[in-house]
Amino acid sequence: MYLLDAEYSLAYCPLTTKEQIRSIFLERGASAVGFATAEKVPDEEWNHFQSWIDSGRNAGMDYMNNYPDLRRDPTLLFPGAKTVIVLAFNYTPAVKRNNTHGTVASYAYYPDYHKSIRKMLKNTLREFFGNRQDISWRICIDSAPVLERFWAVKSGIGFRGDNGMIIVPGVGSRVFLAEILTGLPLEPDSPLEKDCGHCSRCSEACPGKALQPGGTIDCRRCISYLTIEHRGQWDKIGTEVMNTPQGKNTIFGCDRCIEVCPWNSPAPHSIFRPLPEVLSLTKESVKTLDESGFRSQLGDTPLFRAGYDGIRRNIINSYTN
């Protein structure tokens with residue numbers, strides 16, 4: 001699946017209503033599509049985000065503090081934006097790998113979702129919108145300075161769970177998010193009046209006790225952060241978390257707070273197809289890869305995000321006392 005890169009001027013545009021746009025994206029694989037007015041993020045939400053940054057709970061993800069003006073206001077990120085279209089894509093796998101051979105987060109079973117979703121959306125927009133000059137777009141998938149989960153809630157596609165994830169009713173929280181900023185003035189959807197139920201299963205299941213009140217995450221204690229985003233060796237806190245039985249068994253990422261969530265059972269299976277090379281991956285097989293082999297076998301998967309050195313660090317940790 002593909003998405004429109006930065007800006008795309010559209011020539012022939014038969015789809016100009018909200019329900020037409022929603023319908024075509026649902027037909028092309030989205031699990032949910034919502035609409036919100038492009039405007040400045042409210043003080044309460046922004047202050048909550050800033051306090052998370054100021055407390056250091058973003059750990060080594062310093063990029064989360066980059067471009068604060070653009071992150072707070074999508075009309076500065078994309079001048080002329082009037083609407084934020086938010087899309088969710090289900091990644092619940094039909095087949096699960098045997099994680100006794102090393103845990104891999106289920107979102108990494110597939111080819112890199114940034115590329116696959118971008119391809120589908122780009123092709124769809126070209127097919128149905130052409131290159132009309134008076135309608136412009138910017139598509140964002142995880143890398144642009146956008147508060148994705150805020151916009152997902154505001155657009156009405158889901159609500160935030162205590163594990164910080166967006167829960168889409170009928171689908172669960174195994175979803176990739178994407179946003180389209182557009183100059184089209186479309187009627188916004190209403191946020192859902194729901195919460196997750198606060199059963200505490202996610203916080204109890206978290207090996208590093210990373211889940212904080214209000215659906216925030218202390219990334220310094222999160223196995224996903226420590227095995228994917230963190231560069232170099234772990235500090236004292238990270239080492240403590242990674243020395244838990246769950247940490248030692250990890251190749252890439254963590255699904256524990258997702259697996260125990262009642263909203264994820266049952267859930268429909270994803271249209272994405274898991275890669276055999278990821279399903280069959282073991283700590284032993286990764287240990288034998290040199291950097292060239294790592295790039296060849298896993299270069300088009302999310303595991304490449306951790307880098308060869310990061311994956312080797314995770315595997316070596318499995319063999320230490």
Side-chain angles (χ1 to χ4, degrees), residues 31-32 45 48-49 51-52 55 57-59 88-110 113 147-150 152-153 156-177 191-230 237-238 240-270 272 274 302 314:
S31 300
E45 180 71 22
H48 182 68
F49 172 72
S51 70
W52 179 73
S55 69
R57 286 175 289 176
N58 60 321
F89 295 86
N90 174 25
Y91 68 83
T92 302
V95 179
K96 292 187 177 181
R97 52 175 274 114
N98 183 352
N99 276 335
T100 60
H101 298 300
T103 299
V104 174
S106 55
Y107 87 87
Y109 288 10
Y110 313 98
Y113 67 93
L147 290 184
E148 288 195 310
R149 296 176 188 180
F150 165 77
V153 171
I157 68 168
F159 53 93
R160 194 156 183 160
D162 283 347
N163 61 358
M165 305 297 176
I166 295 300
I167 299 170
V168 177
V171 177
S173 60
R174 282 188 171 97
V175 292
F176 300 127
L177 297 175
L192 299 178
E193 297 296 329
K194 287 181 177 288
D195 63 34
C196 71
H198 314 296
C199 70
S200 77
R201 294 183 192 177
C202 57
S203 58
E204 292 170 0
C206 179
K209 305 305 177 188
L211 302 185
Q212 307 289 304
T216 59
I217 301 172
D218 187 343
C219 295
R220 297 167 297 192
R221 306 194 65 87
C222 176
I223 288 178
S224 280
Y225 165 77
L226 292 167
T227 58
I228 301 173
E229 295 291 329
H230 186 80
I237 294 175
E240 172 192 323
V241 173
M242 294 307 301
N243 276 336
T244 61
Q246 298 92 338
K248 282 190 169 295
N249 191 47
T250 300
I251 297 173
F252 180 95
C254 182
D255 275 345
R256 289 169 184 85
C257 66
I258 295 175
E259 289 170 345
V260 300
C261 179
W263 290 93
N264 289 323
S265 181
H269 294 149
S270 175
F272 300 109
N314 301 343

K.L.:
What are the two closest non-hydrogen atoms of S51 and R57, and how far apart are they?
P.N.:
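Minimum heavy-atom contact is O-NH2, 3.8 Å.
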K.L.:
Would you check, one step at a time, whether the test side chain to side chain contact (heavy atoms under 4.5 Å, CB included) holds for M242 with T227?
P.N.:
CA-CA 9 Å; M242 294 307 301; T227 58; 3.5 Å; yes
K.L.:
Do the non-hydrogen side-chain atoms of H230 and Y225 ever get within less than 4.5 Å of each other?
P.N.:
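They are in side-chain contact.
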K.L.:
Restricting to non-hydrogen atoms, name the atom on R149 and the atom on G164 that form the minimum distance, rounded to 0.1 Å.
P.N.:
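In terms of heavy atoms, the two residues are closest at NH1-O, 2.8 Å.
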K.L.:
Hey, does D255 have a side-chain heavy atom less than 4.5 Å from the side chain of N99?
P.N.:
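Heavy-atom side-chain distance check fails, nothing below 4.5 Å.
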K.L.:
Is it the case that D162 and S200 place a side-chain donor and acceptor less than 3.5 Å from each other?
P.N.:
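No, no side-chain donor-acceptor contact under 3.5 Å.
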K.L.:
For Y91, does its backbone N or O pair with a side-chain atom of Y110 as donor and acceptor, under 3.5 Å?
P.N.:
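Between the backbone of Y91 and the side chain of Y110 there is a qualifying donor-acceptor contact (under 3.5 Å).
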K.L.:
Which atom pair, heavy atoms only, marks the closest approach of H48 to T216?
P.N.:
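Where H48 meets T216 most closely, the heavy atoms are NE2-CG2, 3.0 Å.
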K.L.:
Test side chain to side chain contact (heavy atoms under 4.5 Å, CB included) on W263 and C196; report intermediate values, then the result.
P.N.:
CA-CA 8 Å; W263 290 93; C196 71; 4.0 Å; yes
K.L.:
Find out whether F272 and Y107 are in side-chain contact, i.e. whether some heavy atom of one side chain is under 4.5 Å from a heavy atom of the other.
P.N.:
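Heavy-atom side-chain distance check fails, nothing below 4.5 Å.
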K.L.:
Give the intermediate values and the outcome of side chain to side chain contact (heavy atoms under 4.5 Å, CB included) for residues T103 and R256.
P.N.:
CA-CA 10 Å; T103 299; R256 289 169 184 85; 3.6 Å; yes
K.L.:
Are there over 12 heavy-atom neighbours, none belonging to K96, within less than 6.0 Å of that residue's NZ?
P.N.:
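Result for NZ/K96: open.
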K.L.:
Measuring only between side-chain heavy atoms, which start at C-beta, is M165 closer than 4.5 Å to V175?
P.N.:
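With C-beta onward as the side chain, the pair stays apart.
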K.L.:
Indicate yes or no: at least one non-hydrogen side-chain atom of I251 is less than 4.5 angstrom from one of R97.
P.N.:
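Yes; the side chains approach each other to less than 4.5 Å.
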K.L.:
Are R174 and P93 packed together at the side-chain level, in the sense that at least one heavy-atom pair is separated by less than 4.5 angstrom?
P.N.:
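The answer is yes, as the side chains (C-beta and beyond) meet within the 4.5 Å cut-off.
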K.L.:
Which pair of non-hydrogen atoms, one from G253 and one from I223, has the smallest distance, and what is that distance?
P.N.:
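That would be O-CG2, 4.0 Å.
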K.L.:
Less than 4.5 Å apart, any side-chain heavy atom of N243 and any of K248?
P.N.:
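In short, these two side chains touch, coming nearer than 4.5 Å.
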K.L.:
If you compare all heavy atoms of I157 against all heavy atoms of P169, which two are closest, and at what distance to 0.1 Å?
P.N.:
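In terms of heavy atoms, the two residues are closest at O-CD, 3.7 Å.
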K.L.:
Should N314 and T250 count as side-chain neighbours, where that means a heavy-atom distance under 4.5 Å?
P.N.:
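No, side chains not in contact.
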K.L.:
Short question: side chain of K194, backbone of R160 - any donor-acceptor pair under 3.5 Å?
P.N.:
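Absent.
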K.L.:
If you apply the rule side chain to side chain contact (heavy atoms under 4.5 Å, CB included), what do you find for C219 with N58, and how did you get there?
P.N.:
CA-CA 6 Å; C219 295; N58 60 321; 5.6 Å; no
